Amino acid sequence: MFLLEIRSIFSILYSMELYNHKPHSASTSLKLRGASRGEAEVYDHRIVEQRWSRVWRETRLDTPRIEDVRGKPFYNLMMFPYPSAEGLHVGNMYAFTGSDIYGRFKRMQGYTVLEPIGLDGFGIHSENYAFKIGRHPMDQAKISEKNFYHQLSKIGAMFDWDRTVETYDPSYYRWTQWLFIQMFKHGLAYRDKAEVNWCPSCKTVLADEQVIDGKCERCGNTVSKKLLEQWFFRITAYAGKLLENIDGSARGGVNLDWSEKVKVAQHNWIGKKEGINIVYPVVDEKGNKITDITCFTTRPDTNFGATFVVIAPEHPFVGELLKGKSVSSNSAKAPRNKETDLAVQIRQYVEDAKKKTAEVRIAESRKKTGVFTGLYGINQLNGYRMPLYVSDFVLMGFGTGAVVGVPGHDKRDYDFAIQFDIDIKRVVVGSDSDSSDISRVEQVQEDEGTMINSEFLDGLDIHEATQRMMHHLETKGWGKPVTTYHLRDWLISRQRYWGPPIPMIFCKTCERAHKGERDDMLGWWTVPENQLPVLLPYIEDYKPGDDGIAPLAKHKEFYETKCPGCGSDAIRETDVSDTFLDSSWYFLRYPSTRSARSGQVPFDSKITQNWLPVHMYTGGAEHSVLHLLYSRFVTMALHDWGLLDFEEPFAKFYAHGLVIKDGVKMSKSKGNVVNPDEYIALYGADALRLYLMFMGPFSEGGDFRDTAMEGMSRWVGRIWRLSLASLGDLGNLSDLGDLEIKKALHRLVKKVTEDVEKRRYNTAIAAMMEFTNLVEDNGGVLDRESLKTFILLLAPFAPYLAEELWQRVKMISPGPATRVSRDSLQFDREIKSVAPSSNQSLQSEDSSQDALARVTRTNSVHLQPWPTFDSAFLVEDEATIVVQVNGKTRESIKLKTQNSKLKNEVEKAAQASEKVQKYLVGQSVKKAIFVPGKLINFVV
RNA sequence: GCCGGGGUGGCGAAAUGGUAUACGCGCAAGACUUAAAAUCUUGUGGGAGUAAUUCUCUCGUGUGGGUCCGAGUCCCACCCUCGGCACCA
């Protein structure tokens, strides 16, 4: 009976052609223990992986019933991958595996888990790659998609392949365009002429977030500034909310369970600053008032020490200053006066500043340059005449683009004052009590302190002085408290080809007639929603030019259209949107991909209510301020429009570490990528998964080495042999097994459960290794129940191996014969019925699909309940007590657990030890520190 | 400069304030083998002692202090390193 069962399953699998080599024979393969080693069935990961991935796929094991609201939904999401040039590398697989283990664990805990996958294939990244290999981006996308999905299917993740999402699919980007339209309709999208970051190599504009150290984050070239008309999203309107929620300070009590470092990064990026805008009248030499300049400061308390004013070269007043004074630098004949001289200098300075790259500006950092305007700002507190300068150390992008200089209490201002020989006044005395004049940079006092030389502020501490001064300035009408943010509006448009066309139409006729969809955007109309998507046409001249003109702008057949407002000739917007817009909402799409109900919005409201916010989001910390911030913004906006009932998209975000190779992060640009394919081929997906997770804590990343990989492969082999040996012995062993093993197993269940929840996969694996070591030291076989428990613990980490072992245990279970045979026969039958028909009609026989799903649900190891431990087994009857003398460990003694908790018992036992006595002889014990069940320390 | 991680054997790393170095890699010796691979066994922080590898002592978690019966762990100062931000007023 027993052997018959085994033979039958092998013959079935063999007939399915899932076995492409002949197994030795059922009887020898399972008769490992005691048999000579050469006969043992060797673990062949290729066969096992192929077999089970096929069965899982065809039984729809990983496709949850999304509309069934009775299950506990768990949305386990990993960050949207973009298909890279060479495909998946080990660093990507690391992230996916760490996320997948958690998903599998949650599923075994009884949750209905959705773990979707898709591709973020629109955008510069993919486009640049297409240029590089000389293939059209649209053609390349198809190829990349195939390769990427093929690779992803082999890493053993429980991806739901029935609901993939690709950003370049028109059925997806029609909704990206829809989102843009909603932004426009709600006043959150606008056009503005702005100094933007321009990458001369990528030939496009970049968001501030995409500029790293003055260089393009994509290609590394130096970014320059360019004045262009662009589309923006008003993310700054949400700055306060974005900050509140990340800090957990919202009244509603939103509290994001996110990795702390990501919260800090977002907090800093949003960069809230409370301060005051102070208005200074500006006069010329003769005292005639010319204008007002408004300066932003967070330190109005120091304002009695203000001695100059500086405006940025891009400040509007600079333009006014030069206007009307038609002075050209080469008009040598023109009579020179002081005023024109200054104008020449200013013009020259502004032009030079414009030419300076960000790189140069950073490089000369502390060396201050600037030019005097011949004008003065009046400090109305004391009537002080503050010379007005233009300097590029002041940034137009922050505050008002104008700064009041307090050289005694700001190092940058000090540098500037020294350079231009400006007065330096001390108004704060710090903890060093130095109240002398400030003549060295070390004396510049920027921290806590007490006010002096400041009239009504004297003697106050700086915080109180700040409040007092704010109030004073506001009362006098000289200033107004404001909050500013480092966060800038989101630059959305790209003068590129490979993205969703921005769904807007501009009509000159309407503009002239002062008409438009929005009063502040005359001439602009959104594409009617029933005309979406605005398809990206297949064009040959898709490469961007140096002129900043989008490729689509050269195609009349694309941009010529009729105005939705008045019907006359109009033109389409030819810019496409930023890739980050594509990925800012994809998580909303996955659960609803197959829903017929989502008509007016990209997501089914009922499904969304059940499945979102995302329960667990796993990704790299490098997206702290890009993707994560944009997604939050979009979700908040959708919430405010009444389309979502939550305002934060990701309840939990877990930032994983990076895979290091040769001392640096694994990335294509560093040229140290390792392709997982060859490792999977050589060692199997399970071994690679285990190895990656064993390298170190998931939050910290790890150092990839292939020698260590072999060690993990060895362990997989040991599990295999141990299990087969146990299977061979099952008939001879009781279900109870050895008590010591049993205890160890219960400890293991506890340990693995806790570690996986904390994502300490490395220590969970180490504990499992310790367990197999222990089993090997105790005869090398496990009883049936213990083996099953161990396989269950292994399942999230090594899904293929676990499934193979699980099915084998079930086949040859020594339990009641009738039950066993019914189970396995049924499973055989189902496998048989599904396997040969792999490419035949998936949709035809729904009833048989359901039957299969049911069978798999009862039989697959991955749908078994997660094992529990019995705390009775955790109790040891002997405890080890450490004996210390003066804090130094001298002995360890074993005692009955009961006694180990009693001080006098432990003391007695400890004193009885010869070793301990050696240290106590001739000493008097002053006291004994006792930790019940653990330690006793004699202080002598 | 500011904000976050982190410095532990030859290497990746582990340790609720309580036996530092679990687990793995590497290395060494041995078993099996004609041989190799695979597999298995044993050993493996530095120094010292003894006839004594199942023995003992001593030093040891970046540096210097401190708290404590006891510190890798807590406190103070510093050094190094990785990541983020940065002329943000």
Side-chain angles (χ1 to χ4, degrees), chain A residues 36-38 40 42 212-213 259-269 271 273 275 295-299 302 310 361-362 364-368 391-395 397-406 409-413 415-416 446 484-486 621-622 624-625 655 657-658 660 663-665 690-691 694-697 699-712 714-715 717-718 721 760 762-773 776 780 880-892 915 918 926-931 934-940:
Chain A
S36 80
R37 295 205 160 90
V42 175
I212 313 291
D213 285 338
S259 298
E260 202 52 37
K261 58 177 169 180
V262 176
K263 284 194 183 182
V264 170
Q266 285 213 3
H267 177 100
N268 292 341
W269 186 261
K273 293 266 161 70
C295 298
F296 174 75
T297 179
T298 54
R299 291 291 306 275
T302 61
V310 192
R361 274 172 88 143
I362 288 163
E364 59 185 30
S365 158
R366 281 198 61 184
K367 209 184 128 217
K368 299 291 182 286
S391 171
D392 64 2
F393 92 88
V394 172
L395 309 174
F398 187 80
T400 59
V403 163
V404 56
V406 185
H409 304 282
D410 183 299
K411 286 207 172 84
R412 293 154 306 173
D413 294 352
D415 293 339
F416 192 84
E446 298 180 314
T484 65
Y485 295 92
H486 170 254
E622 70 270 20
S624 298
V625 294
L658 299 172
I660 304 295
V664 287
K665 172 193 170 180
L690 284 164
Y691 169 64
F694 187 62
M695 288 191 309
S699 56
E700 304 299 316
D703 197 354
F704 189 88
R705 284 146 196 270
D706 24 15
T707 51
M709 182 68 233
E710 304 224 3
M712 194 49 81
R714 281 205 279 272
W715 187 55
R718 273 162 56 204
R721 287 190 298 277
R760 299 288 300 210
N762 56 332
T763 48
I765 293 167
M768 287 192 275
M769 285 174 168
E770 280 182 79
F771 180 73
T772 56
N773 289 348
E776 281 166 357
T880 307
I881 299 286
V882 174
V883 184
Q884 298 182 335
V885 178
N886 281 348
K888 292 203 171 170
T889 303
R890 296 301 179 187
E891 173 72 302
S892 69
K915 259 195 249 171
K918 221 167 70 184
K926 272 192 215 151
K927 64 175 163 176
I929 311 281
F930 179 61
V931 182
K934 281 225 162 137
L935 168 143
I936 185 147
N937 184 13
F938 296 108
V939 185
V940 298

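Bear in mind that the values here come from a model prediction, so they are computed numbers and not experimental data. Chain letters run A, B, ... following the sequence lines, proteins first, then strands; residues in each count from 1.
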**Item:** By side-chain hydrogen bond (donor to acceptor under 3.5 Å, both in side chains) - contacts of A/E700 (at least two apart)
**Value:** none
**Asked** Taking the same atom, P, in B/A71 and in B/G1, what whole-Å distance lies between them?
**Response** 34 Å
**Asked** For A/Q884 and B/G70, what is the distance between atoms CD and P respectively, to the nearest whole Å?
**Response** 10 Å
**Asked** Would you call the rings of A/F398 and A/F296 parallel, tilted or perpendicular, where under 30° means parallel and over 60° means perpendicular?
**Response** perpendicular
**Asked** Under a 4.5 Å cut-off applied to non-hydrogen side-chain atoms, are A/N762 and A/R760 in contact?
**Response** yes
**Request:** Represent RNA chain B in dot-bracket notation, 5' to 3'. Only Watson-Crick or G-U wobble pairs with both distances under 3.5 Å count; pseudoknot-style crossings use [ ] and interstrand partners use |.
**Result:** (((((((..(((.....[....)))((((((.......))))))(((((.....)))))..(((((..]....))))))))))))....
**Item:** Distance between P atoms of B/A38 and B/G12 (Å, rounded)
**Value:** 24 Å
**Message:** For the C1' atoms, the ones on B/U63 and on B/A15, what distance do you get once it is rounded to whole angstrom?
**Reply:** 23 Å
**Rounded interatomic separation in angstrom, taking CG from A/D410 and C1' from B/C2** = 14 Å
**Asked** Under 3.5 Å, is there an N or O donor on one side and an acceptor on the other linking the side chain of A/E260 and the base of B/G4?
**Response** no
**Complete:** Between A/V404 and A/L658, whichever has its closest RNA chain B nucleotide further toward 5' is A/L658
**Asked** Has A/R714 got a side-chain N or O lying under 4.0 Å from the OP1 or OP2 atom of B/C40?
**Response** no
**Atom pair distance, as rounded to whole Å: CD in A/Q266 and C1' in B/G4** = 15 Å
**Prompt:** Is there side-chain contact between A/E446 and A/D410, with heavy atoms separated by less than 4.5 Å?
**Reply:** yes
**Asked** Any side-chain heavy atom of A/E622 sitting closer than 4.5 Å to one from A/L658?
**Response** yes
**Asked** So does A/K411 reach the base of B/C87 with its side chain, donor to acceptor, closer than 3.5 Å?
**Response** no
**Message:** Going by the glycosidic torsion and a 90 degree boundary from 0, is the base of B/G9 oriented syn or anti?
**Reply:** syn
**Given RNA chain B, 5'-ward residue of the pair A/L935 and A/E622, judged by closest heavy atom** = A/L935
**Asked** Is there a side-chain contact between A/T772 and A/R718 (heavy atoms, below 4.5 Å)?
**Response** yes
**Prompt:** Does the side chain of A/R718 get closer than 4.0 angstrom to OP1 or OP2 of B/A38 through an N or O atom?
**Reply:** no
**Prompt:** If the C1' atom of B/G60 is compared with that of B/A51, how far apart are they to the nearest Å?
**Reply:** 30 Å
**Request:** Give one of base, sugar-phosphate or nothing for A/E710, where a contact means two heavy atoms less than 4.0 Å apart.
**Result:** nothing
**Request:** Using the C1' atoms only, state how far B/U73 lies from B/C87, rounded to an integer number of Å.
**Result:** 40 Å
**Prompt:** Heavy-atom distance under 4.5 Å between the side chains of A/M712 and A/I765, does that happen here?
**Reply:** yes
**Prompt:** For the pair made of CZ in A/F704 and P in B/C25, what is the distance, rounded to whole Å?
**Reply:** 15 Å
**Request:** Measure from NZ or CZ of A/K368 to the centre of the six-membered ring of A/F393 and say whether it is under 6.0 Å with the direction within 45° of the ring axis.
**Result:** yes
**Request:** Just call it for A/V882: base, sugar-phosphate, or nothing, with non-hydrogen atoms closer than 4.0 Å on any strand.
**Result:** base
